[in-house]
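Keep in mind the model is a prediction, meaning the values are calculated, not measured. Read the numbers this way: they start at 1 and go in the same order the structure lists the ligands and their atoms.
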Amino acid sequence: MKRRAIGAGVEWLGAVDWNRRLFDSLIPLPDGTSYNAYLVRGAEKTALLDTVDPPMTEVLFRQLEDVPRIDYLVAHHAEQDHSGTIPAVLRKYPEVQLLCTPKAKPLLVDHLDVPPERILTVEDGQRVDLGGKTLQFLHTPWVHWPETMCTYLPEDQVLFSCDFFGSHLATSELYAGEDPYVLQAAKRYYAEIMMPFRKIVAKNIEKVRPLAMKYIAPSHGPIYDRPHEIIAAYEEWVSDRVTNLALIAYVSMHGSTEMMVNYLLSALAERGVRVQKYELTTTDIGKLAMDLVDAATLVVGTPTVHGGPHPTVFAATNLANALRPKLKYAAIIGSYGWGGKAPEQIAQLIPNLQVELLGTVLCKGLPRQDAFAALDTLAEQIAQKHAAL
Ligand code: FEO
């Protein structure tokens with residue numbers, strides 16, 4: 001893809017990674033992703049905002065072939081998908097000065113071996129004049145690491161937000177327009193990397209909301225040409241509000257736990273509770289994370305394996321704990337062969353979740369009438385809690 005103009009002297013560049021399917025060796029990318037960089041040219045100086053993931057270095061360098069001089073390279077974030085090509089850009093442009101937050105400097109030195117003498121740190125609110133174009137830096141910690149910042153370009157009313165508001169979405173479209181799928185991709189992205197820092201993200205939204213914005217230009221996914229929509233979506237996601245949604249995340253080895261899951265699902269639906277069922281050995285963990293953004297209840301279903309929960313349930317529960325969703329209620333159900341401590345172990349795995357544990361329903365082998373009666377009681381409890389939300 002060639003450079004694309006956003007406005008006079010403001011261009012998108014970077015790489016669309018259509019084929020990538022996993023990020024951080026953890027996050028599924030069903031739609032690929034992009035690494036967006038931006039070129040801002042004033043009357044006197046030129047700035048490059050962010051770079052690309054190192055395997056895409058040649059893509060970026062082809063786009064820069066007719067750019068003889070860059071004065072400033074802005075590193076919004078030290079993670080390698082944006083900063084990994086910084087050392088190569090510093091070598092190509094020996095005059096360039098790298099601008100970042102004070103917290104980013106040691107990260108760039110430690111992770112990328114950037115020579116510290118090439119780095120100039122910028123304070124929150126500091127401005128750099130390019131000649132008719134002003135870069136105003138806004139420290140926005142924890143979107144996604146502690147060192148992150150955004151850049152505001154007041155002359156063109158563009159907020160360059162890096163990971164903040166981003167989406168893992170490979171597309172030929174420069175702008176999000178009215179495509180509702182972009183908001184879904186942004187929600188998935190928020191769930192996977194921003195949700196653990198929800199309260200701090202809320203403060204960062206408050207910080208950028210007053211800016212006059214024609215565009216929000218993130219470093220993943222398309223540019224928002226209707227910025228109020230992604231800001232409104234983020235405000236909902238970071239709020240304390242949950243919806244009438246119960247998630248049942250489970251594994252079943254021989255069908256007994258699945259029977260319980262299906263019975264509970266039906267009992268909840270009959271009582272007006274919306275339910276989403278996730279079989280954890282096959283599910284897209286990113287989709288589960290998306291639903292954790294606003295679900296009220298999580299039910300964990302597990303068989304007992306060597307005295308504890310199924311390892312896949314263990315891993316998913318551990319991940320849910322790390323993501324710190326705003327869940328209100330939880331429950332544990334499952335079947336065991338001859339004994340075990342699966343519920344106790346699962347309860348210990350979720351210290352970050354501020355949930356009320358509504359109950360545990362366990363049965364030995366196949367569920368029978370007493371287990372189904374207990375699941376009806378649990379469904380009634382969940383429905384009453386949801387009705388009172
Ligand atoms: Fe897109 Fe946190 O890097």
Open item on the list: I want to verify a count. Protein N, O or S atoms less than 2.8 Å away from atom 2 (Fe) of ligand 1, how many are there?
Closed with: 4

Task: Heavy-atom side-chain proximity of L280 to L288 below 4.5 angstrom - done: yes

Open item on the list: Can you tell me how the ring of H220 sits relative to the ring of Y35, calling it parallel under 30°, perpendicular over 60° and tilted otherwise?
Closed with: perpendicular

- [ ] Taking the side chain as every heavy atom from C-beta outward, state whether L378 and I333 have any pair of such atoms under 4.5 Å apart.
- [x] yes

Ignoring hydrogens and angles, write down the donor-acceptor pairs under 3.5 Å from the side chains of residues 83-97, residues two or more places apart or on other chains.
from: S83; atom 1: OG; to: A78; atom 2: O; distance (Å): 2.7
from: S83; atom 1: OG; to: E79; atom 2: O; distance (Å): 3.0
from: T85; atom 1: OG1; to: V52; atom 2: O; distance (Å): 2.7
from: T85; atom 1: OG1; to: T57; atom 2: OG1; distance (Å): 3.3
from: Y93; atom 1: OH; to: L64; atom 2: O; distance (Å): 3.4
from: Y93; atom 1: OH; to: V67; atom 2: O; distance (Å): 2.7
from: E95; atom 1: OE2; to: I70; atom 2: N; distance (Å): 3.2

- [ ] Run through W145, Y189, Y190 and flag the one making a side chain to side chain donor-acceptor pair (under 3.5 Å) with D163.
- [x] Y189

TODO: Assess the pair Y250 and Y278: is the distance between their ring centroids shorter than 6.0 Å?
DONE: no

